[in-house]
Amino acid sequence: MHLTATKPDAGAPAVRRLARLHAALVTPYDAEENVSEVCLSRLVGFVRRQGIEGMYVGGSTGEGLVQSADERLAAFETVAEAAEGAALIGHVGAIGTREARALAKGCAALGYDAVSAIPPIYFPHRKDAVIGYYEDILDAAAGTPLIIYNIPAMSGVSFTLDDLARLLALPGVIGIKQTSIDMYQMEQLRRTFPDALLLNGYDEMLLAGLVSGANGGVGSTYNVMGSRYVELLARLGAGDVTGAAAIQSECNAVIDELVAVGVFPGLKYLLARMGVIETPVCRRPLATLTAATRGRLDAIAERLSGDAALASE
Ligand code: MN9
C-alpha cells in the first residue's frame with residue numbers, strides 16, 4: 001500500500017462547507033421527456049424547505065448520463081439560479097474525458113462549490129487511465145475542488161483503498177462520495193484521511209456511514225424525506241443513537257417500497273403526487289412507474305405530504 005498522509009488543508013474550507021446533507025436532485029421532465037426547468041427550480045425550493053442545504057446535480061438520480069452535455073449544463077445553471085446560497089456539487093462524470101471537462105468548466109464558471117465524477121464507464125480502462133481522467137477534470141475545473149464518486153455497483157469499477165488513496169493524493173481532490181455498502185472501507189478511509197470529505201451514498205445506510213466516519217451524505221430520498229434525515233443527524237449529534245436508528249428504520253421502510261418499484265421513478269411519482277413536479281416521467285430507457293405499481297406509493301405520498309405544507313410555494 002502506498003497510503004499518502006493527509007494533505008495540508010488546501011481543501012479545508014470546501015470540506016467544511018460540503019460536510020452536510022446534499023439532495024441528489026431528480027431531473028423533472030415534461031411528458032415528452034424534455035427537462036422542465038420550472039419544476040427543477042421548484043424542487044430546489046422544496047428540498048431547502050426540508051432543511052437540506054446542499055444540492056448534488058446531475059448524478060445517478062439526476063439521470064445525467066442519459067442527457068446531452070448541453071442539457072446537463074442547463075440543469076447546473078437552473079439549480080445555481082434557484083440555490084440561494086445552498087452548497088452546490090455538479091456531477092460531471094461521462095464516458096469520455098472531453099465531455100467531463102466541458103461540464104467541469106461549466107460548473108466552475110457557475111461558481112459551484114465542487115464537481116464530482118464517476119469513473120469513465122463501459123471500457124475497462126487501466127487504473128492509470130482512470131487517474132488521468134480525473135487529472136483532466138481537475139485541470140478543466142481550474143481550482144474548483146473534485147469529489148470522486150465511488151459507486152462500484154453501477155460503474156463496474158472497484159477502487160481499492162490504495163486506488164482511493166492515489167486519487168485523494170491528487171491536488172484538488174477533497175473527498176469521496178462513497179456509495180458502497182463496505183463500511184469497513186469507509187472506516188479505513190476516515191482513519192487514513194482524517195481531513196477528507198466523505199459523503200455517504202446509500203441513504204438506507206446513512207447512520208452506519210456516519211458512525212463509520214462519513215461527515216455528510218448525498219441521497220436521492222432526501223428529495224422527499226429531507227427533514228427526517230436532518231433530524232437523524234441532530235439526534236446522532238446529541239448522542240441519541242437509538243433515536244437516530246429509529247428514524248433510519250422509518251426511512252428504510254419507505255426506501256424498501258421505492259426499491260421494490262424502482263427508486264427514481266418511485267421518487268418522481270411521490271414528488272408529482274406532492275405537487276412539486278408535473279409528471280413522474282423518467283427518460284427512456286429508464287422506466288417510468290406503471291399504473292399497477294403506483295398504488296403502492298400512494299399511502300407514502302399521503303404520509304410524507306404531512307411534512308409538506310412544504311410542497312406549497
Ligand atoms: O446518490 C443514490 N444512489 C443511487 C445516491 O441511486 C445509485 C442513493 O440515494 C440511492 O438512490 C438510495 C436508494 O438505494 O440509497
Side-chain angles (χ1 to χ4, degrees), residues 18 20-27 43 47 50 52 54-67 72 75 79 87-93 114-119 121 147-159 175-183 185-186 197-210 212 214-230 232-233 247-271 280 282-283 285-289 293 296-297 300 304:
L18 294 169
R20 59 171 79 192
L21 299 179
H22 305 262
L25 296 173
V26 305
T27 304
L43 175 63
V47 165
Q50 299 175 60
I52 300 285
M55 309 290 150
Y56 189 96
V57 188
S60 315
T61 309
E63 305 174 42
L65 293 171
V66 294
Q67 293 157 8
R72 293 174 73 179
V79 174
L88 298 177
I89 305 172
H91 175 255
V92 304
V115 295
S116 179
I118 54 163
I121 52 173
I147 301 164
I148 306 298
Y149 186 172
N150 183 26
I151 178 161
M154 278 166 78
S155 69
V157 179
S158 281
F159 289 126
I176 302 171
K177 171 181 177 330
Q178 180 71 353
T179 306
S180 161
I181 58 170
D182 184 352
M183 287 300 151
Q185 190 177 67
M186 182 77 92
L197 178 71
L198 296 179
L199 297 175
N200 181 77
Y202 281 127
D203 310 2
E204 51 276 44
M205 308 188 73
L206 177 60
L207 177 59
L210 292 168
S212 304
N215 46 4
V218 177
S220 62
T221 62
Y222 305 178
N223 283 282
V224 296
M225 297 192 286
S227 56
R228 282 165 166 72
Y229 292 113
V230 170
L232 184 157
L233 240 70
I247 297 172
Q248 181 74 74
S249 288
E250 221 182 275
C251 292
N252 287 7
V254 173
I255 294 175
D256 285 349
E257 290 298 310
L258 287 168
V259 168
V261 300
V263 176
F264 309 147
L267 280 172
K268 283 189 164 175
Y269 180 67
L270 291 177
L271 287 165
C282 290
R283 186 170 279 187
L286 295 169
T288 296
L289 229 56
T293 49
R296 267 187 98 141
L297 295 183
I300 292 173
L304 295 179

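Here the structure is a predicted model, which is why all the values come from computation and not from measurement. All values below come from the heavy atoms of this structure, side chains included, with hydrogens, waters and symmetry mates left out. Start at 1 and go down the list; that is how both ligands and their atoms are numbered.
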Which one holds for Ile151 and ligand 1: side chain close, backbone close, both close, or neither close, with close meaning a heavy atom under 4.0 Å? side chain
Of the backbone atoms (N, CA, C, O) and the side-chain heavy atoms from C-beta on, which set of Phe264 has a member under 4.0 Å from an atom of ligand 1: side chain, backbone, both, or neither? side chain
With only distance considered, is Tyr202 within less than 3.5 Å of ligand 1 through an N or O on each side? no
With rounding to the nearest 0.5 angstrom, report the CD to CD1 distance, Glu257 to Ile255. 11.5 Å
Heavy-atom pair of closest approach, residues Ala24 and Val218: CB-CG1, 3.9 Å
With heavy atoms of Met154 as the reference, note each atom of ligand 1 found under 4.0 Å away. 7 (C)
Region of Val263 that comes within reach of ligand 1 [heavy atoms, distance under 4.0 Å]: side chain
Identity and separation of the nearest protein heavy atom to atom 5 (C) of ligand 1: Gly201 O, 3.3 Å
Quick test: of every protein heavy atom, which one is nearest to atom 1 (O) of ligand 1, and how far off is it to 0.1 Å? Lys177 NZ, 2.9 Å
Okay, side chain of Asn215, backbone of Leu198: is any donor-acceptor separation there less than 3.5 Å? yes
Minimum-distance protein heavy atom relative to atom 10 (C) of ligand 1: Ser220 OG, 3.5 Å
Report yes or no: does a heavy atom of Met205 sit under 4.0 Å from some atom of ligand 1? no
Working to the nearest 0.5 angstrom, can you tell me the gap between Tyr269 OH and Arg296 CZ? 13.0 Å
The criterion is side chain to side chain contact (heavy atoms under 4.5 Å, CB included); which residues satisfy it with Glu63, sequence neighbours excluded? Tyr29, Val66, Gln67, Lys268, Cys282, Arg283, Leu286
In ligand 1, the atoms that come under 4.0 Å of a heavy atom of Gly219 are 9 (O)
Closest protein heavy atom (residue, atom, distance) for atom 13 (C) of ligand 1: Glu204 OE1, 3.4 Å
Can you find a non-hydrogen atom of Tyr222 under 4.0 Å from ligand 1? no
Would Ser60 and Tyr149 count as having a side-chain donor-acceptor pair, cut-off 3.5 Å? yes
Please tabulate, for the side chains in residues 202-209, all donor-acceptor contacts under 3.5 angstrom to protein atoms that are two or more places apart in sequence or on a different chain.
residue, atom, partner, partner atom, Å
Asp203, OD2, Ser220, N, 3.2
Asp203, OD2, Thr221, N, 2.7
Asp203, OD2, Thr221, OG1, 2.5

Atom CG in Leu297, atom CG in Leu258: separation rounded to 0.5 Å? 6.0 Å
